[in-house]
Amino acid sequence: LNDLLKLRRCNQIFHVTKESLPLTNFGGVGQVVGDLSTLQAAKLQQSVFVILPKYGFVENTRFVSGFEFKLGNRKVRGEIHIIEADNVRFLLLGAPNVYPDLWRSKLMEDMYNCPHGLSTDERDLYFSFVSAQVIAALVNVECRPRQTQFKPVVHVHSATNAAVLW
């Protein structure tokens, strides 16, 4: 995650979600997150990040960083990509090496499907865990004088992403 540190700034807002316009919109959440993050980026003096899965139908991404962690006896590796639109940085979390078919579909209507052998709970915990690690890497609490340390704002959209706050 060291390459992510180049994106680090003060006054950060994070949205953790599975959909957001202009990249994805399967239900109403994508519209809300897209509008809210765009408005925050336009009106506030803050860096706005939207953390999403890297779906197969999302194109024109740029590789930012790789990541690796241990899960039991296995090393889990993945990639983080970025797209910037309307002053919002969309960080896209790639499928882990242990489930390379996760989020690979080229069809938006398949975005919530899981590959064989992976439960939705495991998928959501993976996404939440990696999202939390990305946020931790980007947060810089030393941006302001020590007596007024800044705390980032984290919006978690959907109960399935709540583990990012643990």
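Please read all numbers here as calculations on a predicted model, not as lab measurements. Heavy atoms only: backbone and side chains are in, while hydrogens, waters and symmetry mates are out. Sequential numbering from 1 along the given sequence is applied to the chain's residues.
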- Nearest atoms (heavy-atom pairs only) where K75 meets V98: O-CG1, 4.3 Å

- Query: How close do F127 and I51 get, heavy atom to heavy atom, and via which atoms?
  - Reply: CZ-O, 3.6 Å

- Item | Gap separating the CD atom of E68 from the CD atom of Q133, nearest 0.5 angstrom | 13.0 Å

- Query: Are V76 and N97 side-chain neighbours, meaning at least one heavy-atom pair lies under 4.5 Å?
  - Reply: yes

- Query: Do L102 and Y126 come within less than 4.5 Å of each other through their side chains, counting heavy atoms only?
  - Reply: yes

- Item | Atom pair CD/CG of E109 and N113 - distance to nearest 0.5 Å | 9.5 Å

- Query: Can you tell if the side chain of I135 reaches within under 4.5 Å of the side chain of V16, non-hydrogen atoms only?
  - Reply: yes

- Would a 4.5 Å heavy-atom cut-off, applied to side chains only, mark T160 and K18 as touching? yes

- Task: Assess the pair F69 and F129: is the distance between their ring centroids shorter than 6.0 Å?
- Result: yes

- Task: Flag yes if F14 and V156 sit in one hydrophobic cluster, no otherwise; membership is Ile, Leu, Val, Met, Phe, Trp, Tyr, and two members link when side-chain heavy atoms are under 4.5 Å apart.
- Result: yes

- Rounded to the nearest 0.5 angstrom, the NE2-OG1 distance for H155 and T17 is 11.5 Å

- Are any of the side-chain heavy atoms of S65 and F67 separated by less than 4.5 Å? no

- Item | Non-hydrogen atoms of F63 and G66 that approach each other most closely | CZ-N, 3.5 Å

- Determine whether I80 and L93 make a side-chain contact, defined as any pair of heavy atoms from C-beta on separated by less than 4.5 Å. yes

Show the atom names and distances, to 0.1 Å, of all donor-acceptor pairs under 3.5 Å that link a side chain in residues 32-39 to residues at least two apart or in another chain.
from : atom 1 : to  : atom 2 : distance (Å)
D35  : OD1    : Q31 : NE2    : 3.1
D35  : OD2    : Q31 : NE2    : 2.8
S37  : OG     : V33 : O      : 2.9
S37  : OG     : G34 : O      : 3.2
T38  : OG1    : G34 : O      : 2.8

- Query: Tell me, do W103 and R123 make a side-chain contact under 4.5 Å, heavy atoms counted?
  - Reply: yes

- Item | Value rounded to 0.5 Å, distance of CG in L23 from CG in N60 | 10.5 Å

- Under 3.5 Å, side chain of Q40 to main-chain N/O of V48, donor-acceptor pair present? no

- Any side-chain heavy-atom pair from L52 and H15 closer than 4.5 angstrom? no

- Kindly give the heavy-atom pair with the smallest separation between G56 and K106, and that separation in Å. O-NZ, 3.1 Å

- Message: Hydrophobic cluster membership, with links at side-chain heavy-atom distances under 4.5 Å among I/L/V/M/F/W/Y: are F26 and L21 in one?
- Response: no

- Query: When rounded to the nearest 0.5 angstrom, what distance separates CG in L138 from CD in Q12?
  - Reply: 6.0 Å

- Note on the structure: Here the gap from M111 atom CE to R104 atom CZ, rounded to the nearest 0.5 Å, amounts to 15.5 Å

- Task: State, without any angle test, whether Y112 and E19 hold a side-chain donor-acceptor pair at a distance under 3.5 Å.
- Result: yes

- Closest non-hydrogen atom pair between F90 and S20, with its separation: CE2-OG, 3.6 Å

- Query: Are any side-chain N or O atoms of Y55 and backbone N or O atoms of L92, one a donor and one an acceptor, separated by less than 3.5 Å?
  - Reply: no

- Query: So, for A163 and S128, which heavy atoms are closest and what is the spacing to 0.1 Å?
  - Reply: CB-CB, 3.7 Å

